[in-house]
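See below for the structure under consideration.
If you're wondering where the values come from, they're calculated on a predicted model, not measured in any experiment. This chain uses plain numbering: 1 for the first residue, then up along the sequence. In listed order, ligands and their atoms are each counted from 1.
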Amino acid sequence: MSIRQTGAWQALTQHSEQMRDVHLRELFERGARFDAFSRSGAGLTLDFSKQRIEQETLDQLLALAREAKVGDAIERLLTGKRVNRTEDRPALHTALRRPKGEEFRVEEQDVDADVHEVFDRMETIVGKLNAGQWRGASGTAIRSVVNLGVGGSDLGPLMVATALEDEFIDPHAREVHFASTIDGTQLAELLPKLDAAETLFIYSSKSFGTIDTSANADTALAWLGEHLDADMDEIKRHHFIGVSTKPDKMTEWGIDPDNQLLFWDWVGGRYSFWSAIGLPIAIRLGMDNFRRLLAGGHAMDRHFAETPLEENLPVLFALLGIWNTNFLDIETLAVLPYDGRLKHLPGYLQQLEMESNGKSSSNDGQRVDVDTCPILWGEIGPNGQHAFYQLLHQGTRTVACDFIAPIRRFEYVDSAAVRDSLARQHRLALANCFAQSRVLMLGDAAIDSSETPPPHKRYAGNQPSSTILFDSLTPETLGALVALYEHKVFVQGTIWDIDSFDQWGVELGKKIANETAGILESGQGSEQLDDSSRHLIDAVLRSGS
Ligand SMILES: O=P(O)(O)OC[C@H]1O[C@](O)(CO)[C@@H](O)[C@@H]1O
């Protein structure tokens, strides 16, 4: 039965008819909301009082969660059932975050032993690299590391390392760079600045078959070959580490088995920085901080597993998204961190949410009859204020927003004068964060004035938002924050009855791109294509490039 036909969905549809015309300002005039509409867990506070809900909305959303058997779904996810139906496998990123020594077996696999064996090997590699003991083919110690990977094999390590290295850097950390795009831009810029003798590449790919990454690896290898006086096998042995679920493919490419770190097909690409794909994080922050990140994710997993639905942060966060998407018809979600260290978080969450829930085929193979994932985008909030907030405040579209901020920052800065000034800057950022969500909520009423402004100075308000606040950005709070979004995505996927763990929608584009690359390389075959594509391809072929 479609979720749309359930009593809870129908009750919510009726209820939304009344709520559509209620302005957030009015909801706040009715009385205090923060206590009723905020929750804390795993070091995070979620204030959802600025969402367009009342108690009845929340009650009905919780009834929907019960009707969709969200509690059972959580249990199935966390105990390793095959929740990824189209690929017939579990989605066990949470197993990576379990403490060492807690027995956890899934379908014959001793997950605890396998996971921690890889983490121990990862620790050895990080120790060797950061101690300057990993030597290149010419005997020089490695100083720079370049992560070659795309999607989940890039975005998570990049986001986390960037967020935490300001405060949590390992004092001996090697430099780490990231190259992801198939167009070669990053390597073209980076390679001239590096010394081949001192550079190591991490070939990071769950499938070890992604052309974006293999093309970057080919360029890296060509560069190493040109600069080093060693044969290709030696170069691969000393200058490449592989991280993948495919040991055979790594070996075939030439990665020494000692330099291979494995993970398993039950770790989705976009959930993989918790695995050995997180090697760049561990190099930058040290293995202890990497383990603290895992512990933060695990704290959220336990909250998710053990907390009743009405207090459960990921469940509530998911239900608010369902309310906005399906009952208030809000099509887009802006993620707005008020901390520059989280600059890659919106990009990271784009993959997490849109690759997971950007689906229209339900688990029983029918087309879904409700909307699914909203369009997610975002930017560091203070910069967004000087760019697109105009649209948030005075445009014609309703946009839901997630504001994200730590309370304290810069306490780790050594110089007292700089620390005080930076701390003031952080207070300014917080003031802006709270002011923006307030103005988005209240509109004109945010200012006490008896005069009615002219139309071009009016603010409609009524833009719903949530604010996620935490004491400070640490490996633990960042781990919990990411796990919050991961579990939100899962709960929403459960209610929409879609598979949040596959990504078939990216496959056809890859296949056609391969065919197109064949035409561009050989100069043959464009005549079979549509008129537009043929002309575009012919323009390239005519140029002789
Ligand atoms: O790690 P891989 O196998 O190279 O894949 C990279 C990315 O490509 C995708 O498969 C999408 O094309 C993502 O799901 C994944 O994170």
Side-chain angles (χ1 to χ4, degrees), residues 83-87 89-93 96 118 122 146-161 178-184 186-187 201-221 240-253 255 260-281 344-359 373 376 482 485-486 489-490 493 498-517:
V83 291
N84 179 349
R85 292 182 178 82
T86 67
E87 293 174 304
R89 62 193 186 208
L92 264 179
H93 41 285
L96 301 163
V118 174
M122 195 166 147
V146 184
N147 189 73
L148 306 176
V150 70
S153 301
D154 167 68
L155 292 166
L158 174 67
M159 184 276 288
V160 175
F178 293 86
S180 56
T181 64
I182 198 170
D183 68 1
Q186 291 146 317
L187 284 185
F201 293 88
I202 305 173
Y203 190 147
S204 193
S205 173
K206 176 176 175 181
S207 60
F208 219 77
T210 304
I211 190 168
D212 313 54
T213 305
S214 66
N216 276 324
D218 289 347
T219 300
L221 198 55
F240 280 90
I241 290 175
V243 186
S244 181
T245 58
K246 304 281 185 226
D248 296 349
K249 286 189 181 179
M250 286 197 278
T251 305
E252 195 187 322
W253 191 84
I255 293 183
Q260 297 179 8
L261 290 172
L262 292 183
F263 62 111
W264 306 271
D265 67 0
W266 42 257
V267 182
R270 53 194 172 274
Y271 301 83
S272 64
F273 78 70
W274 311 97
S275 72
I277 290 285
L279 179 62
I281 303 172
H344 294 300
L345 185 66
Y348 174 80
L349 293 178
Q350 279 182 341
Q351 187 196 16
L352 176 63
E353 296 224 0
M354 297 203 279
E355 196 168 74
S356 297
N357 282 344
K359 316 265 164 81
C373 190
L376 189 150
V482 174
Y485 275 93
E486 286 177 351
V489 162
F490 174 68
I498 55 180
D499 185 340
S500 297
F501 298 109
D502 62 13
Q503 57 282 319
W504 295 105
V506 300
E507 291 306 319
L508 185 58
K510 289 184 193 174
K511 186 169 182 297
I512 301 298
N514 279 338
E515 286 175 18
T516 311

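Here the shortest heavy-atom distance to atom 14 (O) of ligand 1, taken over Arg270, Lys206, Lys246, Glu355, belongs to Glu355.
Ring geometry for His93 against Phe501 counts as tilted: the plane angle lies between 30° and 60°, on a 0 to 90° scale.
Side-chain atoms of Glu355 never come within 3.5 Å of backbone atoms of Gln503 as a donor-acceptor pair (strictly under, hydrogens ignored).
Using a 4.0 Å cut-off to heavy atoms of Thr210, the atoms of ligand 1 that qualify are 2 (P), 3 (O), 4 (O), 5 (O). The Gly151 neighbourhood of ligand 1 comprises atoms 16 (O), with distances under 4.0 Å to a heavy atom of that residue. For ligand 1, the atoms lying closer than 4.0 Å to a non-hydrogen atom of Val506 are 11 (C), 12 (O). Ligand 1 places these atoms under 4.0 Å from at least one heavy atom of Ser207: 2 (P), 3 (O), 4 (O). Close contacts between ligand 1 and Gln503 involve ligand atoms 14 (O) [criterion: under 4.0 Å to a heavy atom].
Taking any N or O of Gly152, backbone or side chain, at least one lies under 3.5 Å from an N or O belonging to ligand 1.
Side chains of Thr251 and Gln260: a donor-acceptor N/O pair is present below 3.5 angstrom, by distance only.
Lys249 has no carboxylate O lying under 4.0 Å from a charged side-chain N of Glu252, or vice versa, which leaves the two without a salt bridge.
The nearest protein atom to atom 6 (C) of ligand 1, hydrogens excluded, is given as Val150 O, 3.2 Å; this is a heavy-atom distance. When hydrogens are left out, the protein atom nearest atom 8 (O) of ligand 1 is Lys510 NZ, 4.3 Å; that is the closest non-hydrogen contact.
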